[in-house]
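Taking it in order: structure first as structure tokens, then the write-up.
Here the structure is a predicted model, which is why all the values come from computation and not from measurement.
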Amino acid sequence: QVQLVESGGGLVQAGGSLRLSCAASGLTSSTYAMAWFRQAPGKEREFVAAINWSGRSTYYADSVKGRFTISRDNAKNTVYLQMSSLKPEDTAVYYCAATYTTGVVTTTNKYAYWGQGTQVTVSS
């Protein structure tokens, strides 16, 4: 049974930083892509950042490019999202996702496994 558990969310002032973590368990292969998505109240879930199985390929939404960094530690089965220069519009529930593939995946419906989400609130 695959389980993804996010942590690291919280309340931060605009301009501040947070690091989210997502620990994966139950995956039977190391060849899986991971990503972060977010969903603000009243809005659809949107893509934030993705990383391939090796960590050598990453992709970002334009809205976070240059401010967020996705990385992974395969020895710990953990993916991270370092968020800097946070803005109030980054406020959302952040979800990590995983799926078995060798590439970078940016679309919601391609991900088979999801975490429960962690709240990030950026105050102005």
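- Residues Trp114 and Arg45 are in side-chain contact: their nearest non-hydrogen atoms beyond the backbone lie under 4.5 Å apart.
- At most 12 heavy atoms of other shown residues, nucleotides or ligands fall within 6.0 angstrom of atom NZ in Lys43.
- Linking ILVMFWY residues whenever their side-chain heavy atoms come closer than 4.5 Å, directly or via other members, places Val48 and Leu18 in the same cluster.
- Phe47 and Val93 fall within the same hydrophobic cluster, where Ile, Leu, Val, Met, Phe, Trp and Tyr residues are linked whenever their side-chain heavy atoms come under 4.5 Å apart, directly or through other members.
- Nearest heavy-atom pair across Leu81 and Ala49 is CD1-CB, 4.1 Å.
- With contacts defined as side-chain heavy-atom distances shorter than 4.5 Å, the pair Gln119/Thr91 qualifies.
- Here the closest non-hydrogen pair linking Thr78 and Ser21 is CG2-CB, 4.4 Å.
- Using a 4.5 Å heavy-atom threshold, the side chains of Leu27 and Asn77 count as separate.
- In plain terms, the two heavy atoms of Ser85 and Ser17 that are nearest each other are N-OG, 4.4 Å.
- Of the inter-residue distances, the one linking Thr99 atom OG1 with Lys110 atom NZ reads 9.5 Å to the nearest 0.5 angstrom.
- Note: the hydrophobic cluster containing Tyr59 also contains Val105 (ILVMFWY, side chain heavy atoms under 4.5 Å, direct or indirect links).
- A donor-acceptor contact shorter than 3.5 Å links the side chain of Asn52 to the backbone of Gly55.
- Separating the CE atom in Met34 from the OH atom in Tyr113 is a distance of 12.0 Å, to the nearest 0.5 Å.
- If you take OH on Tyr32 and CZ on Arg72, they are separated by 5.0 Å, rounding to the nearest 0.5 Å.
- To the nearest 0.5 Å, the span separating CG on Leu86 from OG1 on Thr121 amounts to 10.5 Å.
- Of all heavy-atom pairs spanning Leu11 and Ser123, the tightest one is CD1-CB, 4.3 Å.
- Counting only heavy atoms from C-beta outward, the side chains of Leu4 and Cys96 approach each other to under 4.5 Å.
- Hydrophobic clustering of Ile, Leu, Val, Met, Phe, Trp and Tyr side chains at less than 4.5 Å, counting indirect connections, unites Trp36 with Val64.
- Of all heavy-atom pairs between Val104 and Ala50, the closest is CG1-CB, 3.6 Å.
- Closest approach of Ser124 and Ala14 over heavy atoms only: CA-CB, 4.3 Å.
- Checked for salt-bridge contact, Lys87 and Asp90 miss the test: no charged N lies under 4.0 Å from a carboxylate O.
- Judged by a 6.0 Å distance limit and a 45° cone about the ring axis, Arg67 is not positioned over the six-membered ring of Tyr60.
- In summary, of the residues considered (Glu44, Glu89, Glu46, Glu6), a salt bridge (charged side-chain N to carboxylate O under 4.0 Å, His left out) with Arg38 occurs for Glu46 alone.
- Counting heavy atoms from C-beta outward, Ser29 and Trp53 have side chains that stay 4.5 Å or more apart.
- With rounding to the nearest 0.5 Å, the separation of CD in Gln82 from CD1 in Ile70 is 12.0 Å.
- Within the structure, ring-ring contact (aromatic ring centres under 6.0 Å, His included) contacts touching residues 88-111 (residues at least two apart or in different chains) are Phe37-Tyr111.
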